[in-house]
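I have placed the structure first, in the form of structure tokens, so that the comments after it can refer back to it.
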Amino acid sequence: MPEIAIQTAGGTKERFPIARPRVTIGRSRESDIFLPDQWLSRNHAAIEERMDGFYVNDLSSKNGTLLNGEPLQEWRRLRPGDIITLGEHTLTFCPDDAGEEEDEPEPEGTRVFSVRELSDISTRPAIDPVDLQRQNRVLAILSKAASELVVHRPLNELFDLVLDLLFEAVAAERGAILLLEGTPPRPVIKASTSRLGEPLTRVSRSIARRAMEERVSLLIPNVLDDVRFKSEDSILASGIRTAMCAPLWFTATGEGTDSVIGLVYVDSLQQSHSFGEDDLRVLTALANVAAAKIENVRLLEESLEKRHMEEDMRLAAEIQTGLLPRGAPDVPGYELVGINQPCRTVGGDYYDFATEDGRLFIALGDVSGKGTGAALLMTVLRAAVRAHWMEESLADAVAHINRTVCQNVPSNKFVTFFVASLDPASGQVTYVNAGHNPPLLIRDGAEVELLQEGGMVLGLFEGVPYEAGRVEMRPGDTLLAYSDGVTETWSPEGDEFGEEKLSAFAVERRRLDPQALQDEILREIGRFEAGARATDDRTLVVLRRQPEGR
């Protein structure tokens with residue numbers, strides 16, 4: 001039965017069989033595949049079985065669905081190994097055996113050898129002259145390989161060195177090094193060489209899979225001896241006459257278990273030449289020596305790259321923090337606080353304060369997506385807001401901000417946005433809500449008003465009109481604006497914190513000062529998620545008009 005293999009950002013993996021003609025995916029518990037992810041819509045995507053295979057499409061979700069990195073805008077047929085990305089989850093389509101592309105058959109003349117057996121070179125002198133010659137050849141090759149591999153080289157240079165050593169040792173015409181990559185892991189050619197001028201671009205799937213899964217070396221003395229291959233146009237066209245391969249394997253230190261990271265493959269097109277067992281012994285021994293070095297260099301390069309990225313992200317976080325308010329302006333008769341908590345080092349949430357001509361301006365935005373990309377778009381939003389938000393008409397200002405965002409963000413990105421202007425003396429608030437979570441105006445008497453007037457999200461269409469709403473903040477009233485990372489917080493049981501719980505909680509504590517209310521909300525969210533990692537940025541802005549007599 002076809003399956004969907006699911007991997008979360010936290011590394012956990014699950015498999016779900018596609019047991020129905022239509023399978024829905026989303027954060028609703030009514031979905032066939034329930035994924036508690038804040039970035040998913042309740043009904044986010046669907047997979048359908050049709051006469052010619054399985055198809056996937058996005059169900060008009062808020063943040064979209066990617067198939068192999070491209071946005072889904074229509075039904076697309078799934079191929080084996082296709083990657084579907086939804087929020088924090090990566091889904092891999094795994095068809096059943098009947099639906100998979102058939103592997104090439106393994107030649108009948110293929111000879112299979114244990115890699116341990118072939119790599120076990122005894123240091124005891126051989127008695128038989130043939131054995132002695134074989135032993136000396138292998139030891140000489142391994143000695144040269146060991147001395148060459150001691151020197152540290154970048155991974156690409158290391159691949160070239162291994163192939164050069166291999167071509168010195170065996171009479172191959174083409175060769176390649178393949179490493180396991182992706183989810184699920186698949187062999188990918190990382191380096192190849194050819195004495196014929198044409199690079200090697202593919203290796204038989206069945207041969208590669210057997211060598212790596214069973215940890216064996218394969219020798220195909222003569223491809224055309226197999227009657228099944230004499231009628232295979234692809235084999236005849238390639239011209240391959242003899243081939244062999246060995247897994248890149250080594251024994252993990254301290255674990256005593258063999259680890260396979262890839263494959264070494266060589267072939268020849270000469271009709272007069274055929275690889276033998278001695279050639280395979282050399283190939284296997286060299287693969288064993290090279291594998292540990294390749295893995296060590298790969299881990300070192302990944303570690304160095306990670307350090308560079310961490311340093312870059314640290315600097316980016318410092319820069320982004322500098323773009324947010326260092327504190328709230330002093331507005332007589334009011335108390336104001338704001339906080340931003342990115343779920344990663346940097347994020348796409350933005351808030352801002354300013355005062356001009358006696359008025360207080362408050363802005364809060366949420367860029368779709370998160371991480372570095374969202375953080376870069378956040379700087380675009382901030383620049384646009386700072387350029388326009390103090391215009392006489394707040395609705396016109398948002399229209400200008402939208403135009404700037406449209407001209408500077410990708411077509412698959414958008415921004416939810418809220419901006420308000422307060423006249424402190426009268427308490428009159430003029431605001432525009434561009435598709436953002438409606439802020440809560442909590443009256444001193446416990447009534448709640450949602451600030452919803454405005455228009456659609458920013459960044460999708462230029463020339464969209466916006467309308468301004470107006471409310472009055474009376475003494476004792478509190479205005480609570482937030483990003484959806486606050487309400488779309490999940491408990492370990494998969495329940496959502498939600499707007500109703502936030503509203504009820506804020507009403508109950510409405511007489512707290514803004515700093516205390518902000519802290520209480522964040523503590524309550526922490527208790528609700530019970531230690532789970534936040535999957536979205538969280539931003540809170542709390543404005544309170546002081547009660548009369550204070």
Side-chain angles (χ1 to χ4, degrees), residues 38 324-325 327-329 331 334-342 347-355 359-367 378 381-382 385 389 394-395 397-398 401 415-424 427-443 447-455 457-458 466 468-474 476-489 497-507 509-510 512-522 524-525 536-545:
Q38 297 178 9
L324 298 175
V331 181
Y334 293 82
E335 297 170 279
L336 175 65
V337 296
I339 191 171
N340 168 251
Q341 295 181 335
D349 278 9
Y350 158 73
Y351 77 98
D352 211 346
F353 307 134
T355 54
R359 292 186 298 166
L360 169 68
F361 291 88
I362 298 173
L364 194 154
D366 183 358
V367 178
M378 179 273 235
L381 174 63
R382 180 184 185 273
V385 171
W389 66 343
L394 201 60
V398 175
I401 294 169
V415 179
T416 65
F417 182 66
F418 174 83
V419 62
S421 169
L422 167 70
D423 175 30
Q428 185 73 31
V429 176
T430 303
Y431 71 90
V432 176
N433 186 332
H436 195 75
N437 302 77
L440 309 176
L441 179 57
I442 304 169
R443 298 297 186 185
E447 302 87 357
V448 178
E449 297 179 23
L450 302 181
L451 307 191
Q452 304 181 86
E453 295 295 326
V457 297
L458 308 180
Y466 291 91
R470 290 174 177 80
V471 292
E472 180 188 349
M473 284 193 72
R474 298 187 285 268
D477 290 350
T478 298
L479 176 63
L480 174 63
Y482 60 93
S483 65
D484 58 8
V486 173
T487 50
E488 294 181 0
T489 295
F497 190 77
E499 293 86 351
E500 292 184 5
K501 187 181 293 292
L502 174 65
S503 179
F505 187 87
V507 166
R509 291 158 176 78
R510 64 188 181 279
L512 294 175
D513 65 75
Q515 185 64 60
L517 178 58
Q518 173 185 281
D519 294 344
E520 283 287 306
I521 290 173
L522 293 176
E524 180 64 15
I525 290 172
D536 197 3
D537 308 324
R538 293 170 181 161
T539 301
L540 273 172
V541 172
V542 185
L543 172 68
R544 185 168 190 249
R545 186 171 185 179

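- If you check the side chains of D349 and S483, you find a donor sitting under 3.5 Å from an acceptor.
- Cation-pi contact between R509 and F505: present, with separation from the ring centre below 6.0 Å and deviation from the ring axis of at most 45°.
- At a threshold of 4.5 Å between non-hydrogen side-chain atoms, the residues F361 and V385 do not count as touching.
- Atom-to-atom distance recorded for T487:OG1 and E500:CD is 11.5 Å, nearest 0.5 angstrom.
- For P438, the side-chain contact (heavy atoms from CB on, under 4.5 Å) criterion is met by N433, L450, Q452, not counting sequence neighbours.
- Counting heavy atoms from C-beta on, the side chains of L381 and L458 come closer than 4.5 Å.
- A donor-acceptor pair under 3.5 Å is formed between the side chain of T489 and the backbone N or O of V486.
- Within the 4.5 Å cutoff, side-chain heavy atoms of L479 are placed close to those of L451.
- Side-chain contact between L324 and M378 is present, with heavy atoms from C-beta onward closer than 4.5 Å.
- No side-chain donor-acceptor contact under 3.5 Å links H436 to the backbone of V415.
- With a 4.5 Å cut-off on side-chain heavy atoms, V367 and Y350 do not count as touching.
- Using a 4.5 Å heavy-atom threshold, the side chains of L543 and V331 count as separate.
- With contacts defined as side-chain heavy-atom distances shorter than 4.5 Å, the pair F417/V457 does not qualify.
- Smallest separation of non-hydrogen atoms from Y351 and G338: OH-O, 3.2 Å.
- Between the CZ atom of R545 and the CG atom of L336 there is a distance of 14.5 Å, given to the nearest 0.5 Å.
- Taking every heavy atom of both residues into account, T430 and A468 meet most closely at CG2-CB, 3.9 Å.
- Side-chain atoms of Y334 come within 3.5 Å of backbone atoms of P424 as a donor-acceptor pair (strictly under, hydrogens ignored).
- With values rounded to the nearest 0.5 angstrom, T355 atom OG1 is found 11.5 Å from I362 atom CD1.
- Taking CG from D366 and OG1 from T539, the interatomic distance works out to 7.5 Å, rounded to the nearest 0.5 Å.
- For the pair D513 and V542, the minimum side-chain heavy-atom distance is 4.5 Å or more.
- The side-chain hydrogen bond (donor to acceptor under 3.5 Å, both in side chains) check on E449 picks up R443, with sequence neighbours excluded.
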